[in-house]
Amino acid sequence: MKKLILLVLGFGVIISCYEKEKDNINCLTFEIERPQLFIKIINNEGVNLIENGTINSTNITIEENSSNISFTFIPEGQFGDFNEFDNSIALTVPNESDFRYTVAINDFETIVLDFTLVLTNALCNVSFFQPKSVNFNGKELQLVEFPPRQYLIVVAL
């Protein structure tokens, strides 16, 4: 019986601490960054085609629903010692349940990436979509998450 009482009291303390942390958030100023996608383009041997100069990042255009969208090229060393995103393309995830990015590169095949997302609820009734899966040429690609809300996709041409 003593153990049960201690368990109930301990649970009560944990819940009260959680509620205090939650109460310290000002929902009027609370914002959350939407997830970001980083796309690396490699050849069959695993060589990054932007890094080795085969693809020039200025020769890339990306469309979503037939509209050009902006992206950021991430050069080597942009994030210091963290090099997972080096020589990749960075995009913000749209606030939609599914979407398609069409990546056109001069002298290469067009890359069509179909995304499925899930709605995620955060604090203060803020919600956003996070990538759940991505397909290229009918095959599901690996979607590697780097918290908070950053995803790496490697496309082999």
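The first residue in the sequence is number 1, and the count goes up from there.
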Ignoring hydrogens, what is the shortest heavy-atom contact between [X] and [Y]? Give both atom names and the distance.
X: S70; Y: L91; answer: O-CD2, 3.8 Å
X: N26; Y: L28; answer: OD1-N, 2.9 Å
X: S133; Y: E140; answer: CB-OE2, 3.6 Å
X: L117; Y: P94; answer: CD2-O, 4.4 Å

Does any part of the side chain of [Y], heavy atoms only, come nearer than 4.5 Å to the side chain of [X], both counted from C-beta?
X: C124; Y: I25; value: yes
X: R100; Y: V112; value: yes
X: I105; Y: I41; value: yes

Could you go step by step and tell me if L49 and F108 meet the side chain to side chain contact (heavy atoms under 4.5 Å, CB included) rule? CA-CA 11 Å; L49 296 176; F108 282 90; 4.2 Å; yes
For the backbone of E51 and the side chain of N48, can you confirm whether one donor and one acceptor N or O come within less than 3.5 Å of each other?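 The answer is yes, because a donor-acceptor pair under 3.5 Å joins these two groups.
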Looking at N56 and T58, would you say the former's side chain and the latter's main chain have a donor-acceptor pair under 3.5 Å?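 Here the side-chain-to-backbone pair exists.
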In the single-linkage hydrophobic clustering (I, L, V, M, F, W, Y; side-chain heavy atoms under 4.5 Å), do [X] and [Y] co-cluster?
X: V93; Y: V103; result: yes
X: L119; Y: V134; result: yes
X: L37; Y: F136; result: yes
X: I39; Y: I69; result: yes

Tell me, which pairs form a side-chain hydrogen bond (donor to acceptor under 3.5 Å, both in side chains) where one or both residues lie in residues 80-98, sequence neighbours left out?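 Every pair satisfying side-chain hydrogen bond (donor to acceptor under 3.5 Å, both in side chains) with a residue in residues 80-98: there are none.
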Taking only residues at least two apart or on different chains, which pairs with a member in residues 37-72 satisfy ring-ring contact (aromatic ring centres under 6.0 Å, His included)?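 Residue pairs passing ring-ring contact (aromatic ring centres under 6.0 Å, His included), neighbours aside: F38-F85.
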How are the rings of F99 and F115 set to each other: parallel, tilted or perpendicular (split at 30° and 60°)?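 Parallel: the ring planes of F99 and F115 meet at under 30°.
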How about [atom1] on [X], more than 12 heavy atoms from neighbouring residues, nucleotides or ligands closer than 6.0 Å, or not?
X: N121; atom1: CG; answer: yes
X: N125; atom1: CG; answer: no
X: R34; atom1: CZ; answer: yes

Apply side chain to side chain contact (heavy atoms under 4.5 Å, CB included) to the pair N106 and I60, showing each step before the final yes or no. CA-CA 7 Å; N106 291 355; I60 298 173; over 6 Å; no
Rounded to the nearest 0.5 Å, what's the gap from CD1 on I50 to CZ on F73? Could you check?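 Reported value, rounded in 0.5 Å steps: 5.5 Å.
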Tabulate below the donor-acceptor pairs under 3.5 Å that side-chain atoms of residues 142-157 make, not counting sequence neighbours, or state none.
from	atom 1	to	atom 2	distance (Å)
R149	NE	E33	O	3.1
Y151	OH	Q130	OE1	3.1

Quick one, D114 with T116, criterion side chain to side chain contact (heavy atoms under 4.5 Å, CB included). Give me CA distance, side-chain angles, the key distance, then yes/no. CA-CA 7 Å; D114 292 306; T116 302; over 6 Å; no
Start with the C-alpha gap between I62 and T102, add the side-chain angles, then the distance that decides, and say whether side chain to side chain contact (heavy atoms under 4.5 Å, CB included) holds. CA-CA 6 Å; I62 301 177; T102 303; over 6 Å; no
